[in-house]
Amino acid sequence: QVQLVESGGGLVQAGASLRLSCAASGGTYGTFSSYAMGWFRQAPGKEREFVAAIWSDGSIYYAVSGKGRFTISRDNANNMVYLEMDSVKLEDTAVYYCAGSLTVRPSWVVATSTPDSYDSWGQGTQVTVSS
(Lines give C-alpha, C1' and ligand atoms only; values in the text may rest on other atoms or scores of the structure.)
Protein backbone atom coordinates (compact mmCIF):
# COMPACT_ATOMS: atom_id res chain seq x y z
CA GLN A 1 0.00 0.00 0.00
CA VAL A 2 0.96 3.62 -0.47
CA GLN A 3 0.36 6.60 1.78
CA LEU A 4 -1.88 9.28 0.25
CA VAL A 5 -2.25 12.93 1.27
CA GLU A 6 -4.84 15.24 -0.28
CA SER A 7 -4.56 19.01 -0.53
CA GLY A 8 -6.15 21.93 -2.35
CA GLY A 9 -9.56 21.96 -0.72
CA GLY A 10 -11.16 25.08 0.66
CA LEU A 11 -14.01 27.54 0.27
CA VAL A 12 -14.98 28.31 -3.31
CA GLN A 13 -17.85 30.22 -4.89
CA ALA A 14 -20.38 28.37 -7.02
CA GLY A 15 -19.33 28.45 -10.66
CA ALA A 16 -15.62 28.77 -9.88
CA SER A 17 -12.81 26.22 -10.29
CA LEU A 18 -10.67 24.29 -7.84
CA ARG A 19 -7.86 21.75 -8.24
CA LEU A 20 -7.32 19.02 -5.69
CA SER A 21 -3.97 17.24 -5.39
CA CYS A 22 -3.05 13.84 -4.00
CA ALA A 23 0.56 12.98 -3.18
CA ALA A 24 1.60 9.35 -2.87
CA SER A 25 4.58 8.08 -0.88
CA GLY A 26 5.99 4.90 0.64
CA GLY A 27 6.84 3.18 -2.63
CA THR A 28 8.75 3.54 -5.89
CA TYR A 29 7.43 5.38 -8.92
CA GLY A 30 6.91 1.98 -10.49
CA THR A 31 4.79 0.91 -7.55
CA PHE A 32 2.63 4.02 -7.84
CA SER A 33 2.18 3.37 -11.56
CA SER A 34 0.66 -0.03 -10.79
CA TYR A 35 -2.21 1.58 -8.85
CA ALA A 36 -5.50 2.68 -10.29
CA MET A 37 -6.14 6.03 -8.60
CA GLY A 38 -9.57 7.32 -7.73
CA TRP A 39 -11.37 10.22 -6.10
CA PHE A 40 -14.37 9.77 -3.81
CA ARG A 41 -16.40 12.28 -1.83
CA GLN A 42 -18.60 12.19 1.24
CA ALA A 43 -21.07 14.83 2.39
CA PRO A 44 -22.47 14.97 5.96
CA GLY A 45 -25.08 12.27 6.47
CA LYS A 46 -24.32 10.68 3.10
CA GLU A 47 -22.40 7.58 2.10
CA ARG A 48 -19.08 7.83 0.32
CA GLU A 49 -19.58 8.18 -3.44
CA PHE A 50 -17.33 7.66 -6.43
CA VAL A 51 -16.14 10.69 -8.42
CA ALA A 52 -13.49 9.56 -10.92
CA ALA A 53 -10.68 7.05 -11.54
CA ILE A 54 -7.59 6.92 -13.74
CA TRP A 55 -5.15 4.18 -14.75
CA SER A 56 -1.54 4.47 -15.92
CA ASP A 57 -2.50 3.48 -19.47
CA GLY A 58 -4.66 6.62 -19.69
CA SER A 59 -8.02 4.98 -19.09
CA ILE A 60 -10.44 7.25 -17.23
CA TYR A 61 -13.88 6.70 -15.73
CA TYR A 62 -16.13 9.51 -14.39
CA ALA A 63 -19.28 9.42 -12.32
CA VAL A 64 -22.22 11.12 -14.02
CA SER A 65 -22.31 13.78 -11.29
CA GLY A 66 -18.98 15.25 -12.36
CA LYS A 67 -18.70 14.26 -16.01
CA GLY A 68 -18.10 17.34 -18.16
CA ARG A 69 -17.08 19.44 -15.16
CA PHE A 70 -14.33 17.41 -13.46
CA THR A 71 -11.01 16.32 -14.92
CA ILE A 72 -8.82 13.65 -13.34
CA SER A 73 -5.14 13.36 -14.24
CA ARG A 74 -1.97 11.75 -12.91
CA ASP A 75 1.77 12.37 -13.02
CA ASN A 76 3.49 9.05 -12.40
CA ALA A 77 6.98 10.59 -12.43
CA ASN A 78 6.03 12.67 -9.38
CA ASN A 79 3.59 10.24 -7.74
CA MET A 80 0.70 12.69 -8.04
CA VAL A 81 -2.95 12.53 -9.00
CA TYR A 82 -5.20 15.55 -9.50
CA LEU A 83 -8.87 16.41 -9.71
CA GLU A 84 -9.75 19.68 -11.40
CA MET A 85 -13.25 20.81 -10.55
CA ASP A 86 -14.81 23.37 -12.87
CA SER A 87 -18.20 25.08 -12.60
CA VAL A 88 -18.60 23.83 -9.04
CA LYS A 89 -22.06 23.81 -7.52
CA LEU A 90 -23.47 23.62 -4.00
CA GLU A 91 -23.96 19.85 -4.13
CA ASP A 92 -20.23 19.40 -4.71
CA THR A 93 -19.65 20.33 -1.06
CA ALA A 94 -18.05 17.31 0.63
CA VAL A 95 -14.84 15.83 1.97
CA TYR A 96 -12.87 14.57 -1.03
CA TYR A 97 -10.74 11.45 -0.66
CA CYS A 98 -7.93 10.10 -2.80
CA ALA A 99 -7.75 6.31 -3.07
CA GLY A 100 -5.59 3.65 -4.72
CA SER A 101 -6.36 0.14 -5.94
CA LEU A 102 -4.12 -2.64 -7.25
CA THR A 103 -7.03 -4.72 -8.52
CA VAL A 104 -9.66 -2.69 -10.40
CA ARG A 105 -9.61 -2.70 -14.20
CA PRO A 106 -11.04 -0.10 -16.63
CA SER A 107 -13.72 -2.54 -17.79
CA TRP A 108 -14.87 -3.27 -14.23
CA VAL A 109 -17.24 -0.33 -13.89
CA VAL A 110 -19.01 -1.45 -10.71
CA ALA A 111 -15.81 -2.43 -8.90
CA THR A 112 -14.10 0.82 -9.89
CA SER A 113 -16.88 2.86 -8.26
CA THR A 114 -16.98 0.78 -5.06
CA PRO A 115 -14.94 1.98 -2.04
CA ASP A 116 -14.20 -1.60 -0.92
CA SER A 117 -12.17 -2.10 -4.11
CA TYR A 118 -9.53 0.37 -2.92
CA ASP A 119 -6.67 -0.53 -0.57
CA SER A 120 -5.14 2.88 0.19
CA TRP A 121 -6.93 6.03 1.34
CA GLY A 122 -5.99 9.58 2.19
CA GLN A 123 -7.41 11.54 5.12
CA GLY A 124 -9.52 13.77 2.90
CA THR A 125 -9.70 17.46 2.07
CA GLN A 126 -12.78 19.61 2.62
CA VAL A 127 -14.39 21.38 -0.32
CA THR A 128 -17.11 23.89 0.55
CA VAL A 129 -19.04 25.62 -2.22
CA SER A 130 -20.80 28.85 -1.35
CA SER A 131 -23.70 30.48 -3.19
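Distance check, rounded to the nearest 0.5 Å: CD of Gln126 to CG of Leu11 gives 10.0 Å. Interatomic distance, Tyr97 OH to Cys22 SG, rounded to the nearest 0.5 Å: 13.0 Å. Between Gln3 atom CD and Asn79 atom CG the span is 11.5 Å, to the nearest 0.5 Å. Note: Asn76 CG to Tyr35 OH = 13.0 Å, rounded to the nearest 0.5 Å. Separation of atoms OG1 (Thr71) and CD1 (Ile60) is listed at 8.0 Å; rounding is to 0.5 Å. How far CD of Glu49 is from OG of Ser65: 5.0 Å, rounded to the nearest 0.5 Å.
Of the charged side-chain nitrogens involved, none lies within less than 4.0 Å of a carboxylate oxygen, so that Arg19 and Glu84 do not count as a salt-bridged pair.
In terms of modelled atom types and a separation under 3.5 Å, the side chain of Glu6 and the main chain of Gln123 share a donor-acceptor contact. Here the side chain of Arg74 pairs a donor or acceptor atom with the backbone of Ile54 at under 3.5 angstrom. Remark: side-chain polar atoms of Ser56 are paired, donor with acceptor, to backbone N or O of Ser33 under 3.5 angstrom. Counting only distance, with no hydrogens or angles, the side chain of Thr125 and the backbone of Ser7 share no donor-acceptor pair below 3.5 Å. Side chain of Gln13 to main chain of Ser130: no donor-acceptor pair is present (N/O by atom type, distance under 3.5 Å, no hydrogens or angles). No donor-acceptor pair under 3.5 Å is formed between the side chain of Ser87 and the backbone N or O of Arg69.
Heavy atoms only, all atoms of each residue included: Leu18 and Gly10 are closest at CD2-N, 4.4 Å. Considering all non-hydrogen atoms of both residues, Ser17 and Val12 come closest at O-CG2, 4.0 Å. Nearest approach of Thr112 to Ala53, heavy atoms of both residues: CG2-CB, 3.6 Å.
Hydrophobic clustering, with ILVMFWY side chains joined whenever heavy atoms are under 4.5 angstrom apart, groups Leu90 together with Tyr96. Connection of Val95 to Trp121 is established within a shared hydrophobic cluster, with ILVMFWY side chains joined at heavy-atom distances below 4.5 Å, either directly or through further cluster members. A continuous path of ILVMFWY side-chain contacts below 4.5 Å connects Val127 to Leu4, so both sit in one hydrophobic cluster. Residue Trp55 is not grouped with residue Leu83 when hydrophobic side chains (ILVMFWY) are merged at heavy-atom distances under 4.5 angstrom, including chains of intermediate members.
Tyr82 belongs to a hydrophobic cluster whose remaining members, ordered by chain and number, are Met80; membership requires side-chain heavy atoms of ILVMFWY residues under 4.5 Å apart, directly or through intermediates.
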Mind listing the side-chain donor-acceptor pairs of residues 98-108 below 3.5 Å, one per line with the distance, residues two or more places apart or on another chain?
{"residue": "Ser101", "atom": "OG", "partner": "Thr103", "partner atom": "N", "Å": "3.2"}
{"residue": "Ser101", "atom": "OG", "partner": "Thr103", "partner atom": "OG1", "Å": "3.3"}
{"residue": "Ser101", "atom": "OG", "partner": "Val104", "partner atom": "N", "Å": "3.2"}
{"residue": "Ser101", "atom": "OG", "partner": "Ser117", "partner atom": "O", "Å": "2.8"}

Stepwise side-chain hydrogen bond (donor to acceptor under 3.5 Å, both in side chains) test for Ser59 and Asp57: CA-CA 6 Å; Ser59 298; Asp57 68 356; 2.9 Å; yes
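Proximity of Ile72 to Met37: side-chain heavy atoms (C-beta onward) are nowhere separated by under 4.5 Å. The closest side-chain heavy-atom distance from Met85 to Trp39 is not below 4.5 Å. Between Phe50 and Val109 the shortest side-chain heavy-atom distance does not fall below 4.5 Å.
In terms of the ring-ring contact (aromatic ring centres under 6.0 Å, His included) criterion, residue partners of Tyr118 (sequence neighbours excluded) are, by chain and number, Phe40.
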